[in-house]
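Some notes on the structure that comes next.
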Amino acid sequence: QVQLVESGGGLVQAGGSLILSCAASGRTFSSYTLGWFRQAPGKDREFVGTISRSGTMLYYADSVKGRFTISRDNAKNTVYLQMNSLKPEDTDVYYCAATTGISVYTFRYDYWGQGTQVTVSA
């Protein structure tokens, strides 16, 4: 089992950058694929990107490709989401999640953090 805690959210102007972190407990962090998702009130949770166990495989949603970058540090049990060129439509609660497979679907992920709010002002 793994517990996930996101941090780094906040308010930023359009065009700005933020780095989200997701710290995991447990000694099996490197056994999990990590994903980032986001959700606005009243909407379904949306896939942002995912990174494989070793960090060598990355996949991003088209809406963030070229602007967001996922990385992980298995020694620190932490995954990161670097967000650049932020737009008002990136305003959401951002979640990290862990799965033993690799997927873009929320139902494939077994463990979730509590989320961190990102607000991008115009």
Side-chain angles (χ1 to χ4, degrees):
Q1 191 170 359
V2 61
Q3 293 182 323
L4 304 169
V5 179
E6 302 95 337
S7 61
L11 174 64
V12 64
Q13 288 187 330
S17 299
L18 276 177
I19 301 175
L20 304 184
S21 300
C22 175
S25 64
R27 294 178 292 178
T28 59
F29 178 77
S30 60
S31 300
Y32 293 94
T33 293
L34 278 299
W36 284 97
F37 295 79
R38 63 187 184 184
Q39 187 172 23
K43 292 189 176 181
D44 291 337
R45 196 162 293 186
E46 174 189 31
F47 172 77
V48 173
T50 187
I51 184 168
S52 62
R53 298 175 188 82
S54 64
T56 56
M57 292 178 60
L58 296 155
Y59 185 72
Y60 298 96
D62 288 343
S63 58
V64 306
K65 200 173 295 182
R67 299 188 298 123
F68 290 11
T69 303
I70 299 175
S71 61
R72 67 188 293 166
D73 186 338
N74 286 342
K76 295 182 178 180
N77 282 12
T78 303
V79 61
Y80 304 95
L81 178 64
Q82 170 75 52
M83 304 185 293
N84 297 328
S85 302
L86 282 162
K87 306 174 181 179
E89 51 263 43
D90 294 319
T91 296
D92 275 320
V93 177
Y94 283 72
Y95 299 87
C96 67
T99 179
T100 54
I102 187 163
S103 178
V104 303
Y105 300 109
T106 57
F107 67 86
R108 294 291 189 188
Y109 286 76
D110 303 303
Y111 305 103
W112 292 84
Q114 82 290 349
T116 185
Q117 176 70 48
V118 172
T119 302
V120 184
S121 62

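Keep in mind the model is a prediction, meaning the values are calculated, not measured.
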> Would a hydrophobic clustering, with Ile, Leu, Val, Met, Phe, Trp and Tyr connected at side-chain separations under 4.5 Å, put Trp36 with Phe47?
Replying inline: no

>> Applying a strict under-4.5 Å side-chain criterion to I, L, V, M, F, W and Y, I'd like to know whether Leu20 and Val93 cluster together.
In response: no

What pairs of donor and acceptor atoms, side-chain ones from residues 3-18 against any protein atom, are under 3.5 angstrom apart with sequence neighbours left out?
from: Glu6; atom 1: OE1; to: Gln114; atom 2: N; distance (Å): 3.0
from: Glu6; atom 1: OE1; to: Gly115; atom 2: N; distance (Å): 2.8
from: Glu6; atom 1: OE2; to: Cys96; atom 2: N; distance (Å): 2.8
from: Glu6; atom 1: OE2; to: Gly115; atom 2: N; distance (Å): 3.3
from: Ser17; atom 1: OG; to: Asn84; atom 2: OD1; distance (Å): 2.9

> Could you give all pairs that pass the salt bridge (charged side-chain N to carboxylate O under 4.0 Å, His left out) test and reach residues 112-122, with sequence neighbours left out?
Replying inline: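 Counting only pairs at least two positions apart or across chains, no salt bridge (charged side-chain N to carboxylate O under 4.0 Å, His left out) contact touches residues 112-122.
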
> Which pairs pass salt bridge (charged side-chain N to carboxylate O under 4.0 Å, His left out) with one or both residues in residues 41-61, sequence neighbours excluded?
Replying inline: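 Counting only pairs at least two positions apart or across chains, the salt bridge (charged side-chain N to carboxylate O under 4.0 Å, His left out) contacts touching residues 41-61 are Arg38-Glu46.
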
>> List the residues meeting salt bridge (Lys or Arg N to Asp or Glu O under 4.0 Å) with Lys87, not counting sequence neighbours, and say none if there are none.
In response: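 Lys87: no salt bridge (Lys or Arg N to Asp or Glu O under 4.0 Å) contacts found.
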
> Which residue, Leu58, Ile102, Thr33, forms the side-chain contact (heavy atoms from CB on, under 4.5 Å) with Ile51?
Replying inline: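 Only match with Ile51 under side-chain contact (heavy atoms from CB on, under 4.5 Å): Leu58.
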
>> Can you give me the closest heavy-atom contact between Tyr109 and Gly35, atom names plus distance?
In response: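 Shortest heavy-atom contact: CE2-N, 3.7 Å.
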
> To the nearest 0.5 Å, what is the distance between OG1 (Thr50) and OH (Tyr60)?
Replying inline: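 One gets 9.5 Å once the value is rounded to the nearest 0.5 Å.
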
>> How long is the straight-line distance from CH2 of Trp112 back to CZ of Phe37, given to the nearest 0.5 Å?
In response: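 Output value for this atom pair is 4.0 Å.
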
>> Just to verify, what does Tyr32 make a ring-ring contact (aromatic ring centres under 6.0 Å, His included) with, not counting sequence neighbours?
In response: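 Listed in chain order: Tyr111.
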
> Please walk me through it: do Asp92 and Gln39 pass side-chain contact (heavy atoms from CB on, under 4.5 Å)?
Replying inline: CA-CA 5 Å; Asp92 275 320; Gln39 187 172 23; 5.5 Å; no

>> Does anything in residues 75-108 form a ring pair (Phe, Tyr, Trp, His ring centres under 6.0 Å)? List the pairs, not counting sequence neighbours.
In response: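 Those involving residues 75-108 are Tyr105-Phe107.
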
> If you look only at pairs with a residue in residues 30-84, which of them pass as a disulfide bond (SG atoms under 2.5 Å apart), with sequence neighbours excluded?
Replying inline: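 Sorted pair list comes back empty.
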
>> I'd like to know whether Thr91 forms a side-chain contact (heavy atoms from CB on, under 4.5 Å) with Gln117, so could you lay out the CA-CA distance, the side-chain angles of the two residues, the decisive distance to 0.1 Å, and finally the verdict.
In response: CA-CA 8 Å; Thr91 296; Gln117 176 70 48; 3.9 Å; yes

> Tyr59 versus Ile70: any side-chain heavy-atom pair under 4.5 Å?
Replying inline: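 SC-SC contact between Tyr59 and Ile70 ruled out.
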
>> Considering only residues two or more places apart or on different chains, which pairs with a residue in residues 67-79 satisfy side-chain hydrogen bond (donor to acceptor under 3.5 Å, both in side chains)?
In response: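 The answer is Arg67-Asp90, Arg72-Asn74.
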
